[in-house]
Amino acid sequence: MKKKFNVCVAMGTRPEVIKLAPVIKAFRKLPGIAVTVLVTAQHRGMMDEALKVFRISPDHDLNVMRKGQSLFDVTSRILQAMPGVLAKESIDLMVVQGDTATTFACALSAYYQRIPVAHVEAGLRTSDKYRPFPEEINRRLTGVLADLHFPPTLQAQRDLLKEGVRPRDILMTGNTSIDALGMMSRLGKKFSDPRLRRLMASSRKIVLVTLHRRESFGKGLRDVLLALRDISLLSGVEVVYPVHMNPQVRAQVQDILAGGKVHLLEPLAYDEFVPLMKKAYLIVTDSGGIQEEACALKKPIIIAREKTERPEAIEAGFAELVGFDRVRLVSSARRLLEDGVYYRQRCGHKNPFGDGRSSQRIAAKCLQYLKQQKLRRGK
Ligand code: UD1
Ligand code: UDP
């Protein structure tokens with residue numbers, strides 16, 4: 001029997017699972033490929049929740065998360081655990097996604113073993129090495145290590161070409177987050193939390209919030225949280241905030257919002273979060289993936305960051321960057337909540353992040369690449 005190519009898909013956080021689940025599905029449809037799923041479990045709880053939603057069982061689990069781990073801890077733990085997996089598996093291609101510690105450390109580990117690397121969601125740049133921190137540099141370093149680059153947009157493709165990546169190693173695919181969204185729309189869901197059930201049935205305007213970026217910790221995050229408190233006092237509005245598990249985020253949220261009107265929830269499973277995004281009137285976030293999803297769902301977004309590597313969301317009209325400015329955030333939210341004409345202008349555009357078929361393109365290109373490599377080696 002012809003030997004299949006062994007493609008290792010590596011992931012460690014919630015968003016990586018969400019964005020790689022459709023890629024795994026697409027690989028599994030190709031008869032020439034066997035998929036090995038490797039998780040670092042950099043996010044133990046949130047990653048596991050996402051694995052459950054997509055019914056993915058990892059073949060290898062590095063279980064690196066420790067409470068309150070530093071960037072040194074997480075990166076070095078992954079690097080130390082990888083040789084064990086690489087000794088057991090004969091991997092033909094390592095597939096990583098995005099910009100996390102897992103992305104970078106798994107790409108570097110593959111390189112040390114001379115295994116080619118495919119980078120999903122390549123080429124996003126702010127060109128500011130500290131914004132987002134440390135993701136901008138994780139993504140750039142992964143780009144240096146990668147053999148195949150899958151930028152989601154034309155802008156990301158241009159940035160890769162500008163950095164000297166060869167055109168034949170690049171395929172613009174759209175973002176696989178849109179494919180994952182499509183996988184959810186076919187599922188019905190009962191909400192486990194009674195508060196969420198009530199909010200889903202409410203006729204008030206839902207302002208959905210997520211925040212977790214390291215560069216905001218301290219005064220920036222404090223001012224954003226104060227703005228949310230202000231917004232929660234507006235009439236006819238419910239601010240709903242599933243709080244990220246990073247303890248530094250939780251401490252500040254507890255300090256500023258506990259006991260107030262903002263609904264503080266535990267992180268939601270993706271199949272609960274998607275219906276909540278659909279229900280939301282407005283989204284306030286510093287997340288990367290949610291900027292893409294909001295455009296696909298035609299929801300206006302206020303980005304609580306100083307820079308974004310997804311300028312397409314702003315250019316398309318859905319998003320607005322307000323930094324950590326309390327006054328600006330509140331006045332942007334008020335305008336969207338109170339001016340219906342402006343609201344409709346903000347969300348009547350075309351989604352710039354893809355058509356929901358990105359994963360098929362990625363899987364097909366990887367297979368083509370592996371066949372070419374084999375031919376070359378055979379010569
Ligand atoms: C990480 C990624 C970030 C990504 C984000 C998505 C890095 C450096 N950062 O940030 O790019 O946008 O995930 O959410 O890779 N924790 C738990 N349970 C969980 C998850 C986290 O307890 O399920 C706590 C742990 O104490 C952990 C801390 O959160 O030490 C921080 O997690 P970590 O993965 O280091 O970084 P994030 O801030 O989540
Ligand atoms: N998400 C989720 N539950 C939540 C909050 C977010 O499933 O309570 C999903 C969201 O739909 C998106 C992803 O998690 O697909 C974004 O993750 P996060 O904001 O942690 O990371 P980023 O996208 O910034 O890397």
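Excluded from the calculations below are hydrogen atoms, water molecules and symmetry mates; all remaining heavy atoms, backbone and side chain alike, are included. When a ligand or atom number is given, it counts from 1 through the structure's own listing order.
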Handout entry: Residue-ligand contact Val74/ligand 1, heavy atom below 4.0 Å
Key = no
Problem - Close-contact set for ligand 2 against His212 heavy atoms, below 4.0 Å - result: 18 (P), 19 (O), 20 (O), 21 (O), 22 (P), 24 (O)
Exercise for the section: Test the Arg214-Phe133 pair against the cation-pi criterion, namely NZ or CZ under 6.0 angstrom from the six-membered ring centroid and within 45° of the ring axis. Expected result: no
Handout entry: ligand 2 contact on Met46 by region, counting heavy-atom pairs under 4.0 Å
Key = neither
Problem - Donor on one side chain, acceptor on other, Thr285 and Gln291, under 3.5 Å - result: no
Exercise for the section: Mind checking whether Ser287 contacts ligand 1 via backbone (N, CA, C, O), side chain (CB onward), both or neither, at a 4.0 Å heavy-atom cut-off? Expected result: neither
Completion exercise
A student checking ligand 2 against Leu268 at a 4.0 Å heavy-atom cut-off should list atoms 2 (C), 3 (N), 4 (C), 7 (O), 8 (O)
Problem - His244 touching ligand 1 at heavy-atom level, < 4.0 angstrom - result: yes
Handout entry: Enumerated ligand 2 atoms positioned under 4.0 Å from heavy atoms of Met277
Key = 11 (O)
Practice task
Take every heavy atom of Glu49, measure it against each atom of ligand 1, and state whether any distance is under 4.0 Å.
Solution key: no
Handout entry: Backbone or side-chain N or O of Arg14 under 3.5 Å from ligand 2 N or O
Key = yes
Problem - Enumerated ligand 2 atoms positioned under 4.0 Å from heavy atoms of Pro267 - result: 8 (O)
Problem - Proximal ligand 2 atoms for Gly288, defined as those under 4.0 Å from one of its heavy atoms - result: 22 (P), 23 (O), 24 (O)
Exercise for the section: Please report the C-alpha distance between Met46 and His244 in whole Å, then the side-chain angles of each, then the deciding distance to 0.1 Å, and finally whether the side chain to side chain contact (heavy atoms under 4.5 Å, CB included) criterion is met. Expected result: CA-CA 9 Å; Met46 298 194 308; His244 194 280; 3.3 Å; yes
Problem - Numbering as shown, the atoms of ligand 2 that approach Ile18 to under 4.0 Å (heavy-atom distance) - result: 9 (C), 13 (C), 14 (O), 15 (O)
Exercise for the section: Answer with yes or no whether the side chains of Asn6 and Thr36 bring together a donor and an acceptor at under 3.5 Å. Expected result: yes
Handout entry: Plane angle bin for His349 and Phe318 - parallel if under 30°, tilted between 30 and 60°, otherwise perpendicular
Key = perpendicular
Problem - Tyr241-His263 aromatic ring centre distance below 6.0 Å - result: no
Fill in the blank from the handout: Ser287 heavy atoms within 4.0 Å reach ligand 2 at atoms 16 (C), 18 (P), 19 (O), 22 (P), 23 (O), 24 (O)
Problem - Arg197 bridged to Asp193 by N-O distance under 4.0 Å - result: no
Exercise for the section: List every atom of ligand 2 that sits less than 4.0 Å from any heavy atom of Tyr270, numbering the atoms from 1 in the order shown and giving each element. Expected result: 7 (O), 11 (O), 15 (O)
Handout entry: Side-chain donor-acceptor contact under 3.5 Å, Arg66 with Gln69
Key = no
Practice task
With sequence neighbours excluded, tell me which residues meet salt bridge (charged side-chain N to carboxylate O under 4.0 Å, His left out) with Lys299.
Solution key: none
Handout entry: Presence of salt bridge, Glu238 and Lys261, under 4.0 angstrom
Key = no
Problem - Close approach, Glu272 and ligand 2, non-hydrogen under 4.0 angstrom - result: no
